[in-house]
Amino acid sequence: MSEGRNVIIRALVETATDYGFRGVRKTNYYRERPETICVLNLQKSSWGPQFYLNAAVWLTRLGPERRPKEYNCHIRWRVNSLMEDEQSKMFTQALNLEHPLPDDQRLSLIKDGVDAYGFRLLSRCDSEQTALRVADECKPRVMVALKARTQEKVN
């Protein structure tokens with residue numbers, strides 16, 4: 001399994017650097033801006049050799065945090081939830097190490113998916129306003145904390 005996990009991590013590292021993200025412990029990738037902290041998280045399934053990729057945005061105005069956990073962020077989505085059905089299926093299979101797939105194909109599928117629906121979308125979230133706009137464009141598959149929307153209406 002470690003070989004397959006290494007392919008996943010390689011795909012993330014190679015794509016993250018293109019967008020200015022830095023890895024922390026090979027499972028979290030961060031990019032900090034004055035109004036936002038963007039996070040891409042590699043999550044291991046508790047039930048087997050499957051992985052998930054989660055994207056999230058922390059709004060700095062709503063609290064000081066240097067390295068927020070994905071599940072505590074104000075805007076969150078699972079990367080494959082924004083894909084069309086067939087692409088989501090292939091991406092999910094690439095993240096499932098029980099699914100037989102050549103390493104080069106696994107690498108390519110993960111890089112393509114995490115580029116388009118992870119790092120590229122996160123890279124647009126330079127400000128709170130653009131992060132909320134990205135969430136609106138991708139709804140209903142993106143979770144936005146009520147706290148973020150409540151404050152948005154006040155401004």
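Residues: numbered from 1 along the sequence shown. Predicted model only: the values in this text are computed from it and were never measured. Computation of the quantities below employed the complete heavy-atom set of this structure, encompassing side-chain atoms and omitting hydrogens, waters and symmetry-equivalent molecules.
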**Message:** Between Arg31 and Asp126, is the side chain to side chain contact (heavy atoms under 4.5 Å, CB included) condition met? List the steps.
**Reply:** CA-CA 9 Å; Arg31 191 175 83 170; Asp126 282 341; 2.6 Å; yes

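- Among all heavy-atom pairs drawn from Gly63 and Trp58, the shortest one is O-NE1, 2.9 Å.
- Tracing side-chain contacts under 4.5 Å through hydrophobic residues (I, L, V, M, F, W, Y), one reaches Leu62 starting from Leu132; they form part of the same cluster.
- Residues Arg66 and Tyr30 form no side-chain contact, since every pair of their non-hydrogen atoms from C-beta on lies 4.5 Å or further apart.
- Taking CD from Glu14 and OG1 from Thr17, the interatomic distance works out to 7.5 Å, rounded to the nearest 0.5 Å.
- Under a hydrophobic clustering in which Ile, Leu, Val, Met, Phe, Trp and Tyr are joined whenever their side-chain heavy atoms come within less than 4.5 Å, directly or via other members, Val114 and Met90 fall into different clusters.
- To the nearest 0.5 angstrom, Leu97 atom CG is 10.5 Å from Ser45 atom OG.
- No donor-acceptor pair closer than 3.5 Å links the side chain of Ser108 to the backbone N or O of Asp104.
- Of all the heavy atoms in Glu98 and Pro49, the pair that sits closest is CG-CG, 3.2 Å.
- Interatomic distance, CD of Glu128 versus OG1 of Thr130, reported as 9.5 Å (0.5 Å rounding).
- Here the CD-CG distance, from Glu3 to Asn6, works out to 5.5 Å after rounding to the nearest 0.5 Å.
- Counting all heavy atoms, side chain and backbone alike, Val39 lies closest to Phe21 at N-CE2, 4.5 Å.
- For the pair Tyr117/Asn80, no side-chain contact is recorded, criterion being any heavy-atom separation below 4.5 Å from C-beta on.
- Atoms CD1 and CD, on Ile110 and Gln93 in that order, are 11.5 Å from each other to the nearest 0.5 Å.
- With Thr60 contributing its side chain and Pro34 its backbone, the two residues share a donor-acceptor pair below 3.5 Å.
- Although no hydrogens or angles enter the test, the distance criterion places a donor-acceptor pair under 3.5 Å between the side chain of Arg141 and the main chain of Ser81.
- The two residues Leu12 and Phe119 have their closest heavy-atom pair at O-CE1, 3.9 Å.
- When all heavy atoms are compared, the tightest approach of Ala94 to Arg106 is O-NH1, 2.7 Å.
- In the hydrophobic clustering of ILVMFWY residues, with side-chain heavy atoms under 4.5 Å counting as a link, Leu107 and Leu101 come out apart.
- Leu42 has its side chain out of reach of Lys26: every pair of non-hydrogen atoms, C-beta onward, lies at least 4.5 Å apart.
- When all heavy atoms are compared, the tightest approach of Ala56 to Leu122 is O-CD2, 3.4 Å.
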**Prompt:** Which is it for Lys44 and Thr27 under the side chain to side chain contact (heavy atoms under 4.5 Å, CB included) test, yes or no, and what are the steps along the way?
**Reply:** CA-CA 9 Å; Lys44 166 91 174 60; Thr27 58; over 6 Å; no

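- Glu70 and Arg76 are joined by a salt bridge, as a carboxylate oxygen and a charged side-chain nitrogen come within less than 4.0 angstrom of each other.
- Two residues are said to be in side-chain contact when any heavy atoms from C-beta on lie closer than 4.5 Å; Thr36 and Leu59 meet this criterion.
- Between Asp18 and Arg120, none of the side-chain N atoms (NZ, or NE/NH1/NH2) sits under 4.0 Å from a carboxylate O, so this pair counts as no salt bridge.
- Linking ILVMFWY residues whenever their side-chain heavy atoms come closer than 4.5 Å, directly or via other members, leaves Tyr71 and Trp77 in distinct clusters.
- Residues Leu121 and Ile37 do not share a hydrophobic cluster, defined by chaining ILVMFWY side chains whose heavy atoms lie under 4.5 Å apart.
- In this structure the side chain of Phe91 reaches within 4.5 angstrom of the side chain of Leu53, judged on heavy atoms.
- Checked for salt-bridge contact, Arg67 and Glu32 meet the test: a charged N lies under 4.0 Å from a carboxylate O.
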**Request:** In sequence, state the C-alpha distance, the side-chain angles, and the governing distance for Val57 and Val134, and then conclude on side chain to side chain contact (heavy atoms under 4.5 Å, CB included).
**Result:** CA-CA 11 Å; Val57 180; Val134 166; over 6 Å; no

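- One distance of note links CG of Leu109 with OG1 of Thr92; it measures 10.5 Å at 0.5 Å rounding.
- Arg78 forms a cation-pi arrangement with Tyr52, by the criterion of a distance under 6.0 Å to the ring centre and an angle within 45° of the ring axis.
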**Prompt:** Can you check side chain to side chain contact (heavy atoms under 4.5 Å, CB included) on Lys111 and Thr15, steps first, answer last?
**Reply:** CA-CA 6 Å; Lys111 283 178 78 170; Thr15 311; 3.7 Å; yes

